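Note that the structure is a prediction, hence the values are computed from the model and not measured. Each ligand, and each atom within it, is numbered from 1 in the order the structure gives. Sequential numbering from 1 along the given sequence is applied to the chain's residues.
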Amino acid sequence: MSGVLLWVVSPKENASSPLGLLPRICTPRRSKLCSKLGFSSGVLAYSGAVANPARSSEEKVYEVVLKQAALVREPNTVKKKSLDLDERITEGLNNWDLLNKAYDRCGEVCAEYAKTFYLGTLLMTPERRRAVWAIYVWCRRTDELVDGPNASYITPKALDRWEKRLTDLFEGRPYDMYDAALSDTVAKYPVDIQPFRDMVEGMRLDLRKSRYQNFDELYLYCYYVAGTVGLMSVPVMGISRESKASTESVYNAALALGIANQLTNILRDVGEDARRGRIYLPQDELAQAGLSDDDIFRGKVTDKWQSFMKGQIKRARMFFDEAEKGVSELNSASRWPVWASLLLYRQILDAIEANGYDNFTKRAYVGKAKKLASLPVAYGRAILGPSNLTKQLVPR
Ligand SMILES: CC(C)=CCC/C(C)=C/CC/C(C)=C/CC/C(C)=C/[C@@H]1[C@@H](COP(=O)(O)OP(=O)(O)O)[C@]1(C)CC/C=C(\C)CC/C=C(\C)CCC=C(C)C
Ligand SMILES: [Mn+2]
């Protein structure tokens with residue numbers, strides 16, 4: 001995989017170190033829009049937000065949610081050029097063969113990097129399945145830019161080039177096979193470029209920032225790198241025709257699942273991140289708990305650490321709870337992989353608890369037996385259709 005990423009790194013940039021600190025002081029506020037925004041008050045309460053004229057991250061992100069929901073309702077407003085494959089990759093093949101091959105390759109990458117998820121996608125219709133693979137591969141490649149073997153060569157300029165390439169593929173000018181698959185997907189489904197751009201923004205943030213002052217800042221980061229995945233996926237996975245939920249509420253749930261996954265990822269990887277000089281925990285909450293960066297670097301499990309971790313885990317679970325409300329509203333064939341991924345990822349939090357909150361030296365993981373046991377549970381939930389409890393606010 002890393003080979004296909006090298007193009008964004010110019011030889012000149014190889015020499016420079018991309019890691020630097022540029023902390024940004026954010027000014028969150030506890031929004032009255034809380035319930036309207038679809039965040040449980042408990043979730044917001046944890047953000048430690050105070051009255052302030054600046055918009056909170058939740059509000060900024062909610063604007064994107066509304067935009068995505070509107071696109072699904074009015075798909076015709078999205079005008080995309082048809083796929084115009086580059087000569088470099090069309091030579092000797094017609095577009096049809098090429099596209100099938102491109103999607104197959106996406107499936108292979110997906111199977112290699114995320115086996116359980118890949119198996120889940122096999123339950124989806126062939127069209128949807130390959131579109132999800134194409135999105136997965138683009139996300140994985142984007143993440144690899146800052147997390148993969150060539151990460152130390154990645155500069156903001158390289159990310160600018162990656163974003164330019166993204167624009168090109170949305171306009172029907174894919175650069176390589178994987179891009180060609182995504183280019184086709186975004187032409188077929190009402191997928192907007194904004195969440196993709198925002199994910200690249202998250203990678204920029206990772207290059208320049210290694211501390212988060214408060215939960216509002218961390219929330220924005222989690223949106224960029226993971227909430228975006230939820231917003232990208234819903235138009236492809238589809239909302240059930242029987243669903244009476246509003247489109248916004250489904251997108252909100254998708255966003256919440258991305259945030260929950262990322263928060264869990266962060267809590268699992270505290271030790272690993274600290275060894276790279278990174279602390280993805282709200283600084284103000286650490287201070288309130290009587291903890292400092294040095295405590296994290298020392299990596300000793302103390303009473304203070306345990307009680308801090310309990311609060312962080314509680315918040316991550318709230319986002320999972322928020323996400324649960326939307327899964328049943330998805331198309332029936334998409335529900336099982338999403339339930340499976342939700343149940344599996346959430347169990348990482350249980351594993352952190354079972355490790356006595358030692359996420360400095362122990363890696364929390366879900367064992368094979370538990371993974372297997374979760375699959376029929378996910379299936380059971382997936383066969384239950386959309387709830388009748390939510391009111392349809394807008395036609396779909
Ligand atoms: C069915 C399903 C899960 C679909 C999503 C498929 C998809 C496009 C996944 C892309 C994931 C990806 C490669 C993201 C790049 C950034 C990243 C790596 C984020 C972290 C994922 C965990 O990966 P890992 O443990 O390998 O992390 P390391 O890189 O090793 O540190 C994240 C924690 C976030 C992933 C976020 C999601 C999968 C969002 C899921 C939300 C939905 C699919 C929406 C579901 C809809 C409703 C209504 C709930
Ligand atoms: Mn990663």
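- Between Phe196 and Phe170, the ring planes are perpendicular. Angles over 60° get that label, and only those under 30° would be called parallel.
- Of the heavy atoms in Ser341, only side-chain atoms (C-beta onward) come closer than 4.0 Å to ligand 1.
- Taking any N or O of Asn265, backbone or side chain, at least one lies under 3.5 Å from an N or O belonging to ligand 1.
- The contact set between ligand 1 and Val250, taken as ligand atoms under 4.0 Å from a residue heavy atom, comprises 48 (C).
- Ligand 1 lies out of reach of Tyr113, whose nearest heavy atom is not under 4.0 Å from it.
- Applying the ring pair (Phe, Tyr, Trp, His ring centres under 6.0 Å) criterion to Tyr357, with sequence neighbours excluded, gives no partner residue.
- Here is the list of ligand 1 atoms found below 4.0 Å of a heavy atom in Gln262: 19 (C), 20 (C), 32 (C), 33 (C).
- Counting heavy atoms from C-beta on, the side chains of Ser57 and Glu217 never come closer than 4.5 Å.
- Applying the salt bridge (Lys or Arg N to Asp or Glu O under 4.0 Å) criterion to Arg204, with sequence neighbours excluded, gives Asp160, Glu163, Glu201.
- Of the heavy atoms in Asn261, both backbone and side-chain atoms come closer than 4.0 Å to ligand 1.
- Using a non-hydrogen distance threshold of 4.0 Å, Glu324 does not register as a contact of ligand 1.
- The shortest distance between side-chain heavy atoms of Trp133 and Arg129 falls below 4.5 Å.
- Contact annotation: for Thr121 versus ligand 1, there are no heavy atoms closer than 4.0 Å.
- Contact annotation for Tyr251 and ligand 1: no heavy atom of the residue comes within less than 4.0 Å of the ligand.
- For the side-chain contact (heavy atoms from CB on, under 4.5 Å) with Tyr280, the lone residue among Asp206, Leu263, Asn265 that qualifies is Asp206.
- Looking at Tyr212 and Leu220, their side chains never come closer than 4.5 Å, going by heavy atoms from C-beta outward.
- Between Ser233 and ligand 1, no N or O atom pair is found at a separation short of 3.5 Å.
- Compare Tyr118, Trp133, Tyr345 by their heavy atoms: the one nearest to atom 22 (C) of ligand 1 is in Tyr345.
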